[in-house]
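Nothing fancy with the numbering, it's 1 onward along the sequence.
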Amino acid sequence: MDLLPVELVRIVYQYCDLPTVTALRLASRKFADIGYDYLLLDHFAVVEWRDDVQRLHSIARHDRLLGKPRSVVFHLAKVDVGRAQETTSLHQWLRRREGHDFIQEGWSRYHKLEERATLVAPLHTRQSMLEATLKRLPNLEVVDINFTKNPYGIDLFDQVFPYHHCRKQDRLRASKDLDAILSALPHARLQSLSIDQVPLELFRHPDARQRWFDCAQTFAGLSRLDLVLDIPRQMGPASRSRAINGLGRVLQSANNVTHLRLAFHTYHAPAEKFELSFRALFAGDFTYKRLTDLKLEGISCSEEDLKSFLLRHSPTLERLRLGGRGLAKPLELSIGGIHLHNGRWRSLFTGLKEKLTALQRFHLEGDIESGDVYTRTREVWDFLPVVSDDWNTVHQEDGFEGWYKKSASRCKENFDSLGLERFLISGGPWPMFIKYGNTSAYPSPYSSPGQSGSSSPVDSPSPTSSGTFSSFGSPAPSV
């Protein structure tokens, strides 16, 4: 076996899982030496029920392994046991799956992992070790900090974590853990940073915001930044202004990003939108010179402010997403849309028509509104997702989930944004949109005939047996 070419041995290792790699390295010294590169994956996950910080520190001190990790994911989510148990029981009853043994096995594994977690020091107490570790990882490019994904590797919990009320919210603990990680980031040369639940109040506390400011050099090297802000239940005007000022300074330090996602989630009132001024956030007319992909979610702003911000990036902006899933539960329609508290959507898109010169794709999702709730000219619309965040086509769901969403969609005006995408990119007349749902039972008061065509980004969609055309931008009844 020692006569085999090194290239061929490497191909063999590429198809091996970790136990097989370990066994294969015992075959000979040559196989052991080549197998070193396959003992670790490029992706390293840190969970709280295992001493992964110590493991990563040991890797960073190993001369042959320290160059292996290219991405580190910190899984910091915690489950709310009471609500999660109710949710898992309901799921099993609705689907008639697996049964009682499946639930019992899942919760038994969870309690064992939690017992192990008590033997591991909390992440925020390992700050100095994190700093020493990240400093020694020369190829580290991606850091992902998440508080919303299943960290236990238990199949049962895949049903639980998509429900935000089943995740335990400990803002103090989250803030401490974020502070510890951020203290280590100035020593890393990252290309991508993602945090899916950042307490907004961190940007108003002097010590906490200074840790973010100390990472300015790291942020300047980022090409991708994904931040989801968690809005506190109570925040006065002065605190809010200071937090926005701090957040804006951090965003401006990431002046070389090509991909930016900025979302605001209000956990105590999931359907609420965060009132945001781009001029206040970016202290004027700040522009990202290389921005190609932008996603905004869960905000309330003015038409002119949003239009000005988008037009500043027209030379480079290729893909634009407005709205998203927000904090919607798996069986709910998206609620992470955009509200215009001043102005109208039709006016906005008419003003952007063919002016975003580099635009290739556009997507609108969630509850899209404009105007005051008490006015007759208020616009209220719900846009269904057509593509995923990575721009792959979203297929209609089958089974219980698909039936539930179809039933929910019949109670609202639901559309997709393909016609609007064509309008922004190629011009032409104002588009007509497909209204989803049972139109015979719930006819649209603003439906009108349209011309058939392809549902590509360049052509308006054609009506189907389950939908009719309706003009977006016409006054809609208040919901």
Whether [X] side chain and [Y] backbone form a donor-acceptor pair below 3.5 Å:
X      : Y      : value
Ser314 : Leu311 : yes
Gln252 : Phe286 : no
Arg167 : Phe161 : yes
Asp177 : His124 : yes
Thr87  : Arg83  : yes
His164 : Tyr267 : no
Asp293 : Arg319 : no
Thr292 : Glu318 : no
Ser253 : Phe219 : no
Arg261 : Leu225 : no

Using the ring of each side chain (for Trp, its six-membered ring), is Tyr110 parallel, tilted or perpendicular to Trp107, with breaks at 30° and 60°?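 Judged by the thresholds at 30° and 60°, the geometry between Tyr110 and Trp107 is perpendicular.
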
Does [X] reach the side chain of [Y], with side-chain heavy atoms less than 4.5 Å apart?
X      : Y      : result
Asp52  : Val47  : yes
Leu140 : Leu190 : yes
Ile181 : Leu123 : yes
Arg70  : Val142 : no
Phe309 : Leu281 : no
Leu364 : Ile338 : no
Gln210 : Pro206 : no
Val228 : Gln197 : no

Could you go step by step and tell me if Arg249 and Arg209 meet the side chain to side chain contact (heavy atoms under 4.5 Å, CB included) rule? CA-CA 10 Å; Arg249 182 172 167 180; Arg209 74 200 313 241; 5.8 Å; no

Distance-minimising heavy-atom pair for [X] and [Y]:
X      : Y      : value
Asn150 : Gly153 : OD1-N, 3.8 Å
His75  : Asn146 : ND1-ND2, 3.2 Å
Pro199 : Leu178 : CD-CD1, 3.9 Å
Cys166 : Val160 : CB-CG1, 3.4 Å
Phe282 : Leu251 : CE2-CB, 3.9 Å
Ser302 : His341 : N-NE2, 3.6 Å

Does either side chain, that of His265 or that of Glu297, offer a donor lying less than 3.5 Å from an acceptor on the other one?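 A donor-acceptor contact under 3.5 Å links the two side chains.
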
Measure the [atom1]-[atom2] distance between [X] and [Y] for me, rounded to the nearest 0.5 Å.
X      : Y      : atom1 : atom2 : value
Trp212 : Asp179 : CH2   : CG    : 9.0 Å
Glu354 : Phe423 : CD    : CZ    : 8.5 Å
Gln159 : Ile103 : CD    : CD1   : 8.0 Å
Leu340 : Lys273 : CG    : NZ    : 12.0 Å
Ile244 : Phe203 : CD1   : CZ    : 9.5 Å
Arg171 : Phe147 : CZ    : CZ    : 11.0 Å

Would you mind checking if [Y] and [X] are paired as a salt bridge, meaning a charged N to carboxylate O distance below 4.0 Å?
X      : Y      : answer
Arg211 : Asp207 : no
Arg361 : Glu421 : yes
Asp389 : Arg321 : yes
Lys78  : Glu114 : yes

In terms of heavy-atom contacts, does CZ of Arg224 have more than 12 from other residues, nucleotides or ligands at under 6.0 Å?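 Not buried by this count: 12 neighbours or fewer within 6.0 Å.
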
So for atom NZ, which belongs to Lys353, do other residues, nucleotides or ligands contribute more than 12 heavy atoms lying within a distance under 6.0 Å?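 More than 12 within 6.0 Å, yes.
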
Stepwise side chain to side chain contact (heavy atoms under 4.5 Å, CB included) check, Asp285 with Arg279: CA-CA 7 Å; Asp285 296 332; Arg279 182 167 293 276; 3.2 Å; yes

Run the side chain to side chain contact (heavy atoms under 4.5 Å, CB included) check on Val53 and Val46 step by step: do they pass? CA-CA 7 Å; Val53 175; Val46 177; 4.2 Å; yes

Hey, mind stepping through Lys307 and Glu304 against salt bridge (charged side-chain N to carboxylate O under 4.0 Å, His left out) and telling me if it holds? CA-CA 5 Å; Lys307 182 191 300 183; Glu304 289 302 320; 3.6 Å; yes

Hey, mind stepping through Leu294 and His313 against side chain to side chain contact (heavy atoms under 4.5 Å, CB included) and telling me if it holds? CA-CA 10 Å; Leu294 174 65; His313 297 92; 5.7 Å; no

Arg109 charged N/C atom sitting above Tyr152 aromatic ring, 6.0 Å / 45°: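 No, Arg109 does not sit over the ring of Tyr152.
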
